[in-house]
Amino acid sequence: MKSDSMMRPIQIFVEGDSDSQLIRQVVCHWFCYSLKKEELKKTDGWTTIQSNSENGEVIRQQMRFNSDNNGVNLIIFDADKDLEQRKLDILQWKSNCDLDFELFLFPNNQNNGAVEDLLIRCINPKNQPIVDCWESYVTCLKTKSIEGRNWPLTIPARKSEVYCYLETLLGETDREKKLIKDKNRNFLNTDHWDVDCPAIQPLKDFLQPYFE
């Protein structure tokens, strides 16, 4: 790991609490570096950063200031339903606003999806039966119809799957239930997660040049 004095000033822009928790913890785990509060910024996502809102303008100013000080800006967002379109939109915004940053899109910079798609692939393999049960539940929902309902049942999002995965493993006390929430998750708990698995390697490869 580079010493603090050797590192270029870094700012990592993520969407929300779950992303923030994951990035903070894996950077510490992989590179023995504790990101400072000002180095990891939650943005609420693409809609916010490209808007003309006050928050959008603040983010653009932060990027420009960091670039002017020889810093590096990283954006780590969800690809959502169309990775290529999301990438195109963000890079066009980068050009239009004369910004400098590197981009990574969850789950792996290659496929559609979100951080939750990556997390499901990072579960401890011994807990795979929980995910199998969830997949069976989803498959079952797709075959069901409700009398008087003229449209398909809504399939729960991946966010719900991650929440239920942790809820299944954690206890029933208030303290334990708080650990299910995005901002309190411990991705370094090896009973639950494997943040050294192949699925997360693309994220590590993306971050590594800035910390080693």
Side-chain angles (χ1 to χ4, degrees), residues 2 7-27 30-31 33 35-122 154-155 157-162 182-183 187 195 198-212:
K2 296 177 182 177
M7 282 181 56
R8 295 171 62 190
I10 190 166
Q11 289 185 137
I12 304 177
F13 297 85
V14 298
E15 296 197 33
D17 287 327
S18 187
D19 316 50
S20 178
Q21 279 289 92
L22 177 65
I23 297 301
R24 185 181 304 281
Q25 291 173 17
V26 295
V27 164
W30 291 334
F31 311 121
Y33 183 81
L35 286 165
K36 304 175 184 67
K37 183 178 180 180
E38 64 271 17
E39 293 175 326
L40 184 59
K41 302 177 183 295
K42 292 183 290 185
T43 67
D44 293 328
W46 167 233
T47 301
T48 297
I49 69 167
Q50 56 87 38
S51 72
N52 292 322
S53 67
E54 181 179 349
N55 286 344
E57 182 57 33
V58 166
I59 290 165
R60 292 188 285 273
Q61 289 177 357
Q62 289 171 336
M63 287 188 179
R64 293 187 184 109
F65 181 82
N66 196 42
S67 296
D68 289 345
N69 286 275
N70 194 37
V72 59
N73 299 310
L74 308 178
I75 290 181
I76 304 178
F77 278 6
D78 292 338
D80 290 329
K81 295 181 179 180
D82 190 334
L83 176 137
E84 292 304 326
Q85 187 61 53
R86 178 52 47 84
K87 183 184 296 184
L88 180 65
D89 290 342
I90 294 177
L91 294 181
Q92 185 62 57
W93 172 75
K94 174 183 181 180
S95 176
N96 291 345
C97 296
D98 193 25
L99 300 172
D100 187 17
F101 59 80
E102 300 301 320
L103 175 65
F104 182 94
L105 295 176
F106 286 125
N108 56 12
N109 226 22
Q110 295 181 344
N111 299 111
N112 300 341
V115 64
E116 289 81 13
D117 294 281
L118 173 60
L119 294 179
I120 290 299
R121 297 184 63 189
C122 292
T154 301
I155 304 302
R158 282 289 194 189
K159 286 181 181 288
S160 300
E161 182 175 0
V162 174
D182 291 10
K183 65 181 180 180
F187 294 111
V195 294
I200 205 170
Q201 188 65 39
L203 177 62
K204 184 177 182 180
D205 291 343
F206 173 76
L207 291 169
Q208 191 159 356
Y210 308 105
F211 295 97
E212 291 191 343

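Side-chain atoms are counted along with the backbone in the values below, which use heavy atoms only and exclude waters and symmetry mates.
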**OP:** Might you work through the side-chain contact (heavy atoms from CB on, under 4.5 Å) test for C97 and R64, ending with a clear yes or no?
**Re:** CA-CA 10 Å; C97 296; R64 293 187 184 109; 3.9 Å; yes
**OP:** Find out whether V162 and I120 are in side-chain contact, i.e. whether some heavy atom of one side chain is under 4.5 Å from a heavy atom of the other.
**Re:** yes
Original post:
Could you give the distance from CD (E116) to SG (C122), rounded to the nearest 0.5 Å?
Top reply: 12.0 Å
**OP:** First locate atom CD1 of I75, then atom NZ of K41, and finally report the distance between them rounded to the nearest 0.5 Å.
**Re:** 12.5 Å
Original post:
Do any N or O atoms from the side chain of D82 and from the backbone of E84 form a donor-acceptor pair under 3.5 angstrom?
Top reply: yes
Original post:
Taking all non-hydrogen atoms of both residues, which atom of N112 and which atom of P107 are closest, and how far apart?
Top reply: O-CD, 3.5 Å
**OP:** Locate the shortest heavy-atom distance separating N55 from T48; write the atom from each residue and the value.
**Re:** CB-CG2, 3.9 Å
**OP:** To the nearest 0.5 angstrom, please state how far the CG atom of D182 sits from the OG atom of S20.
**Re:** 10.5 Å
**OP:** Would you indicate whether the side-chain heavy atoms of L207 and I76 approach each other to under 4.5 Å?
**Re:** yes
Subject >> Derivation of the side-chain contact (heavy atoms from CB on, under 4.5 Å) call for F206 and L103 >> reply: CA-CA 9 Å; F206 173 76; L103 175 65; 5.9 Å; no
Subject >> Atom CZ of R121: over 12 foreign heavy atoms under 6.0 Å >> reply: no
Original post:
Would you say E54 has more than 12 foreign heavy atoms packed within less than 6.0 Å of its CD?
Top reply: no
**OP:** Report yes if some heavy atom in the side chain of F77 is under 4.5 Å from a heavy atom in the side chain of D19; otherwise report no.
**Re:** no
Original post:
Given side chains that start at C-beta, do those of E15 and D78 come closer than 4.5 Å, heavy atoms only?
Top reply: yes
**OP:** Side-chain contact test, heavy atoms from C-beta onward, threshold under 4.5 Å: evaluate it for L105 versus I90 and give yes or no.
**Re:** yes
**OP:** Taking the side chain as every heavy atom from C-beta outward, state whether L119 and F187 have any atom pair closer than 4.5 Å.
**Re:** yes
Original post:
Side chains of Y210 and E102: closer than 4.5 Å at any heavy-atom pair?
Top reply: yes
**OP:** Could you check whether the rings of W93 and W46 sit parallel, tilted or perpendicular, using 30° and 60° as the cut-offs?
**Re:** perpendicular
**OP:** Could you tell me the separation between the CD atom of Q92 and the CD atom of Q50, rounded to the nearest 0.5 Å?
**Re:** 12.0 Å
Original post:
Out of curiosity, K159 NZ to S18 OG, how far, rounded to the nearest 0.5 Å?
Top reply: 6.5 Å
Subject >> Approximate separation, where rounding is to 0.5 Å, of L118 CG and L22 CG >> reply: 6.5 Å
**OP:** Indicate yes or no for a side-chain donor-acceptor contact from R158 to the backbone of D117 under 3.5 Å, with no hydrogens or angles considered.
**Re:** no
**OP:** Provide the closest heavy-atom pair for A79 versus N111 in the form atom of the first, atom of the second, distance.
**Re:** CB-O, 3.6 Å
**OP:** Check whether any side-chain heavy atom of L83 sits under 4.5 Å from a side-chain heavy atom of K87, and report yes or no.
**Re:** yes
Subject >> Step-by-step side-chain contact (heavy atoms from CB on, under 4.5 Å) determination, Q11 to E39 >> reply: CA-CA 4 Å; Q11 289 185 137; E39 293 175 326; 5.9 Å; no
Subject >> Donor on one side chain, acceptor on other, D17 and Q21, under 3.5 Å >> reply: no
**OP:** Would you name the heavy atoms of W30 and I200 that are closest together and state the gap between them?
**Re:** CZ2-CG2, 3.8 Å
Subject >> Atom of I10, atom of F211 and distance for their closest heavy-atom approach >> reply: CD1-CZ, 3.6 Å
Original post:
If you take all heavy atoms of Q62 and F13, which pair is closest and at what distance?
Top reply: OE1-CE2, 3.7 Å
**OP:** Carefully, step by step, assess I23 and L40 under the rule side-chain contact (heavy atoms from CB on, under 4.5 Å).
**Re:** CA-CA 8 Å; I23 297 301; L40 184 59; 4.1 Å; yes
